[in-house]
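The structure appears right after this line, and notes come after that.
One is the number of the first residue; the rest follow in order along the sequence. All heavy atoms count here, side chains included; hydrogens, waters and symmetry mates do not.
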Amino acid sequence: MKTLADDGVAYDVLEGENSFNKTTKCTYFLIVLFIDGSGIHYIDGKQHPIGKNQLHFLFPGQHHHWETGPETLAQKITVGKLIFEEFSSIDEFRFIRHNLPPVFKIDGMVFDAVDHEMKGIKSALELLDFNKEWHKLVLKRMDSLSTLMKYEAERYIDSTLSAKLNPTVKNFWNLINTHYTEHRTTSWYADQLNISANYLNVLCQKNLNISASEMINQRIMQEAKQQLRFTDKIIKEIAFDLGFKSISTFSVFFKKQSGYSPINYRE
């Protein structure tokens with residue numbers, strides 16, 4: 001495939017037997033919806049059976065290949081880095097990447113809706129070939145797709161992991177949601193939970209494969225992205241809303257987490 005721009009999106013169909021058995025390193029974010037199929041999808045050395053109504057996704061840097069059966073039919077969306085960063089569901093995806101297999105089944109109306117949006121992206125990309133102004137439609141379609149995937153990712157996390165999660169880690173997450181604009185040090189949250197900061201980190205790493213500070217930062221970033229995308233607030237106001245003392249400290253934090261400045265992300 002040709003090089004995809006950071007704000008680019010590409011569509012392809014996977015059909016029939018495909019012995020793409022050379023393991024490759026993903027450069028982009030991939031979303032694959034298997035309408036039907038059989039075979040094996042190898043992701044980072046682990047085998048994932050391919051089946052009907054499955055959603056698979058891969059992150060930049062992951063290695064994969066697949067061997068599909070004759071009845072296989074799938075839609076594949078390739079997403080540039082900036083579009084991936086804009087996904088409202090990005091935090092759920094990253095959470096799944098570190099904790100759960102990036103393959104799950106979707107059924108009923110949600111499957112139909114995801115299938116419909118992916119076909120809509122194909123149509124929008126065809127229009128884009130004739131007029132670059134249709135790029136806005138592609139982004140709107142991607143927004144709709146990300147909302148559907150966010151819903152399914154949350155359901156997948158709740159049904160697969162939440163019941164097994166350590167109660168202290170659950171309480172930590174609830175505290176973050178309440179206080180993330182006021183407090184961003186692990187020690188403050190550890191004090192509220194009557195444990196040491198080191199032990200809180202141990203629990204987070206053991207249960208979620210990320211540090212306590214990463215959990216706090218992810219929540220701040222989630223809100224920052226929402227405000228940059230869906231409000232008319234100036235960046236200075238957003239920075240202060242999120243508890244930063246200056247635009248510069250907010251900008252440094254945002255770029256470190258996403259690779260983009262708040263201005264570039266909004267644009």
Side-chain angles (χ1 to χ4, degrees), residues 1-16 18 20 24-36 53-62 64 72-94 106 109-153 221-222 224-235 238 251 254-255 257-267:
M1 137 174 216
K2 64 180 182 180
T3 301
L4 189 69
D6 279 358
D7 64 346
V9 176
Y11 175 94
D12 198 6
V13 172
L14 176 64
E15 191 169 8
N18 190 316
F20 177 62
T24 62
K25 182 178 180 180
C26 286
T27 307
Y28 310 107
F29 182 66
L30 299 181
I31 307 164
V32 186
L33 180 69
F34 283 94
I35 299 161
D36 202 348
N53 292 18
Q54 282 185 345
L55 190 65
H56 298 214
F57 52 88
L58 293 102
F59 293 81
Q62 288 191 298
H64 83 116
T72 299
L73 177 62
Q75 299 186 81
K76 183 177 78 170
I77 301 287
T78 308
V79 183
K81 182 182 177 183
L82 183 55
I83 303 298
F84 174 49
E85 285 293 339
E86 289 178 352
F87 264 27
S88 61
S89 50
I90 188 172
D91 292 323
E92 284 78 12
F93 289 158
R94 282 179 170 155
I106 54 177
M109 293 179 63
V110 175
F111 174 85
D112 292 339
V114 172
D115 181 59
H116 175 77
E117 288 301 332
M118 293 182 82
K119 289 174 180 173
I121 290 168
K122 175 190 176 184
S123 298
L125 289 170
E126 289 170 349
L127 290 169
L128 185 61
D129 288 338
F130 294 96
N131 190 328
K132 297 303 179 184
E133 289 298 315
W134 287 105
H135 189 253
K136 292 179 181 179
L137 178 59
V138 175
L139 296 183
K140 288 185 181 296
R141 286 289 193 181
M142 289 301 299
D143 266 342
S144 297
L145 178 61
S146 73
T147 299
L148 289 165
M149 293 177 68
K150 178 181 177 67
Y151 170 82
E152 281 302 297
M221 283 296 294
Q222 183 181 33
K225 290 175 181 177
Q226 291 293 309
Q227 292 202 30
L228 285 167
R229 294 189 65 206
F230 301 117
T231 75
D232 294 325
K233 291 180 180 179
I234 61 174
I235 292 175
I238 294 172
S251 296
F254 193 93
K255 187 164 187 179
Q257 297 295 318
S258 70
Y260 295 93
S261 70
I263 293 174
N264 289 339
Y265 181 84
R266 172 169 268 179
E267 291 175 348

**Report entry** Set of residues satisfying side chain to side chain donor-acceptor pair (under 3.5 Å) with respect to S251, sequence neighbours excluded
**Finding:** none

Requested in this report: Walk me through it: do V114 and E152 pass the test side-chain contact (heavy atoms from CB on, under 4.5 Å)?
Outcome: CA-CA 10 Å; V114 172; E152 281 302 297; 5.6 Å; no

Report summary line: L14 and F34 have their tightest heavy-atom pair at CD2-CE2, 3.9 Å

Report summary line: Rounded to the nearest 0.5 angstrom, the CD-CZ distance for Q62 and F57 is 9.0 Å

Query raised in the report: Checking side-chain contact (heavy atoms from CB on, under 4.5 Å) for the pair Y28/F84: CA distance, chi angles, key distance, verdict?
Result: CA-CA 9 Å; Y28 310 107; F84 174 49; over 6 Å; no

Report summary line: CD of Q257 to OH of Y265, rounded to nearest 0.5 Å, is 13.0 Å

Report summary line: Interatomic distance, CZ@R266 vs CD1@I234, rounded to 0.5 Å, equals 9.0 Å

Query raised in the report: Who are the side chain to side chain contact (heavy atoms under 4.5 Å, CB included) partners of N131, not counting sequence neighbours?
Result: E133, W134

Query - Q227: side chain to side chain donor-acceptor pair (under 3.5 Å) partners, not counting sequence neighbours - result: E223, K233

Query raised in the report: Heavy atoms, side chains only, cut-off 4.5 Å: are L125 and V9 in contact?
Result: yes

Query raised in the report: What pairs with D115 under side chain to side chain donor-acceptor pair (under 3.5 Å), at least two apart in sequence or on another chain?
Result: Q75, K119

Query - Set of residues satisfying side chain to side chain contact (heavy atoms under 4.5 Å, CB included) with respect to A113, sequence neighbours excluded - result: L148

Requested in this report: Applying side chain to side chain contact (heavy atoms under 4.5 Å, CB included), name anything that partners S261, two or more places apart in sequence or on another chain.
Outcome: I263, N264

Report summary line: CG (L137) and CG (L128) are apart, to the nearest 0.5 Å, by 9.5 Å

Query raised in the report: When you check the side-chain N and O atoms of Q54 and H56, is any donor under 3.5 Å from an acceptor?
Result: yes

Query raised in the report: Heavy atoms, side chains only, cut-off 4.5 Å: are L55 and F111 in contact?
Result: no

Requested in this report: Measure across I77 and V79 and return the closest heavy-atom pair with its distance rounded to 0.1 Å.
Outcome: CG2-CG2, 3.8 Å

Query raised in the report: Going from NZ on K76 to CE on M118, what distance comes out if it is rounded to the nearest 0.5 angstrom?
Result: 10.5 Å

Report task. From the options L73, L145, I106, select the one residue that forms a side chain to side chain contact (heavy atoms under 4.5 Å, CB included) with L33. Result -> I106

Requested in this report: Name all residues meeting the side chain to side chain donor-acceptor pair (under 3.5 Å) criterion together with E15; count only those two or more places apart in sequence or in a different chain, and write none if there are none.
Outcome: none

Report summary line: Heavy-atom closest pair (M149 atom, I31 atom, distance to 0.1 Å) is CE-CG2, 3.7 Å

Report summary line: d(E117 CD, I121 CD1) to nearest 0.5 Å is 7.0 Å

**Report entry** Test side chain to side chain contact (heavy atoms under 4.5 Å, CB included) applied to D36 - qualifying residues, sequence neighbours left out
**Finding:** K52, E71

Query raised in the report: Given L228 and I238, is the side-chain contact (heavy atoms from CB on, under 4.5 Å) satisfied, shown in steps?
Result: CA-CA 8 Å; L228 285 167; I238 294 172; 3.8 Å; yes

Requested in this report: Specify the closest pair of heavy atoms between G80 and L4, including all atoms of both residues, with the distance to one decimal.
Outcome: N-CD2, 3.6 Å

Report summary line: Minimal heavy-atom distance between G8 and I83, with the atoms involved, is O-CG1, 4.0 Å

Report task. Mind listing the closest non-hydrogen atom pair of Y260 and D6 along with its distance? Result -> OH-OD2, 3.2 Å

